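Each remark here refers to the structure printed beneath this line.
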Amino acid sequence: MEIITAVRGFKDILPEETGRWQFIEAKARDVFASFGFREIRIPILEKTDLFKRGIGETTDIVEKEMYTFLDRGEEYLTLRPEATASVIRAYLEHNLYAADPVAKLYTIGPMFRRERPQKGRYRQFHQIDVELLGLDNPRIDAEIILMLIHFLKSVGLPEPGLEINSLGCFSCRPSFRKAMTDFLKGKEDQLCGDCQRRLHTNPLRVFDCKNEPCSGIIADAPQLPDFVCDRCRDHFKNVQESLNVFGLSFMINPRMVRGLDYYTKTTFEVTTDFLGAQNAIVGGGRYDGLVKELGGPDIPGIGFAIGCERLLAMIPVKNESFSAKPDLFIAALGDESQQLAFRLCNHFRMSGILTEMDYLGKSLKSQMKRADKFQCAYTLILGEKELRERKAELRNMRQGTQETIGLDGIEETILKFVRAR
RNA sequence: GUGGGUGUAGCUCAAGUGGUUAGAGUGCCGGGUUGUGGCCCCGGAGGUUGAGGGUUCAAGUCCCUUCACUCACCCCA
């Protein structure tokens, strides 16, 4: 009989890795709470239209990467490819803006995109997602970036490389778009195949092309920052000044274009050189028109998403620092001793002492080996001989010393030893 | 969706131009100590060589198909 394997691009996170996951998740909750963010938990399945409207009909994500199915022949549902649209949907559905004009939210969970898997890219992957609704002050842009960098450093990412850009707003972006299409007019046939397609779907992306023919042509194309309106220019300048207040270093990347339609004004990425081609650990930006686009009031927003798999690939920590070692191993010989061991073992566990024992009736040597493998601090040896004398041996595994203790009040004795460590 | 690379024990890898019974390290189990871990020594279990077909006296090795993994393009976290 053949075993059934996991779906392509879907990964198991095994016990030896989950400690690291819990670590970054706990740090995120901790840091975000200090900045006044609260967790929101949202479904991973939404109506397909939510993503079509939120992310944009012509984006790659919506066009070819979504897991979409017809539910019982009634309506189209989609496994979420990102979290922002869902968070805003929940925000609108529950009128959160009525209770407080500002909402600071985060959520952690899996996303789904049907791409070809490669290093740092999976069909189910996890994001730590942060959204701030209701403020368009440029200081907020800087604040959210500050929080992000603070988080990344606190989980041990050595030098987060921050890149920022401004994509302009709905009033100034069209003028750049026009300048861009004018510039490319007559050059269409020199562009690569992908870019000829992009020309019609998303001309801004041509700008970001790394292929040889295009990058040469693009070299003296109009630059985005030269086209943004005065308000957007001021906003961007203000963001930079606010980042400087905290001494945050950043690079302005005028070519950074994001793949989701909803971004406006400030966008940012954290990238690394060590992840291969999928080098973005974090992507984010402002989306001042999105809430309205999704049927709500005209409320500005900004947010970012951290790729957990990519972040974890970058954090240089050993697994052992995340896995707890037992305080105590109970080695028992004989039925009567095993009965006592069973009682003590679970008693200690309920007192918060991480305790292990053997249930297979193995030799003492074999039980000792197991205690050693677990790197237990102490081993309690309960033999038939000891039991008759109402005694037991308590061995300090690190030092290799052991002493005889009485069975009466043994719980207290051991708690004292283990806690004194 | 398109291209390249790789599939041998749980894991990491060996097996000159095809040639006996596919090996090693590590891990696992046991013994050396009839009741004491680590270091050392000895033994054991564990493989349809990803799958299917073909060439050949003979295939882990060559050919075809297929699947999986992987890297890159595209795109993105």
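Given the structure is predicted, the values throughout are model-derived calculations rather than measurements. Proteins come first, then strands; the chains are lettered A, B, ... in the order of their sequence lines, and each starts at number 1.
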In this structure, how many angstroms lie between the C1' atom of B:U36 and the CZ atom of A:Phe329, rounded? 12 Å
Do A:Ile144 and A:Leu148 come within less than 4.5 Å of each other through their side chains, counting heavy atoms only? no
Give none if B:A68 has no partner; otherwise give the nucleotide forming a Watson-Crick or G-U wobble pair with it, both distances under 3.5 Å. B:U6
With heavy atoms under 4.0 Å as the rule, sort A:Arg370 into base, sugar-phosphate or nothing. nothing
Compare the minimum distances between each of B:G30, B:G37, B:A77 and the side chain of A:Arg395, then state the nucleotide with the smallest one. B:G37
Between A:Glu82 (CD) and B:C76 (C1'), how many Å, whole number? 11 Å
Applying a 4.0 Å non-hydrogen cut-off, can you work out what A:Gly383 is touching in the nucleic acid: base, sugar-phosphate, or nothing? base
Compare the minimum distances between each of B:U70, B:G31, B:G38 and the side chain of A:Ser363, then state the nucleotide with the smallest one. B:G31
Nearest to the A:Arg114 side chain among B:C76, B:G1, B:U36, which nucleotide is it? B:G1
Between the CG atom in A:Leu77 and the CZ atom in A:Phe69, the distance rounded to the nearest 0.5 Å is 4.5 Å
Given the C1' atoms of B:G23 and B:U61, what is the spacing between them in whole Å? 16 Å
The side chain of A:Lys11 lies closest to which of these nucleotides: B:G37, B:U70, B:G35? B:U70
A:Leu79 and A:Ile44, any side-chain heavy atoms less than 4.5 Å apart: yes
For A:Ile381, which contact category applies under a 4.0 Å heavy-atom criterion: base, sugar-phosphate, or nothing? base
State whether A:Arg80 and A:Glu82 are salt-bridged, where the test is any N-O pair (Lys NZ or Arg NE/NH1/NH2 against Asp/Glu carboxylate O) under 4.0 Å. no
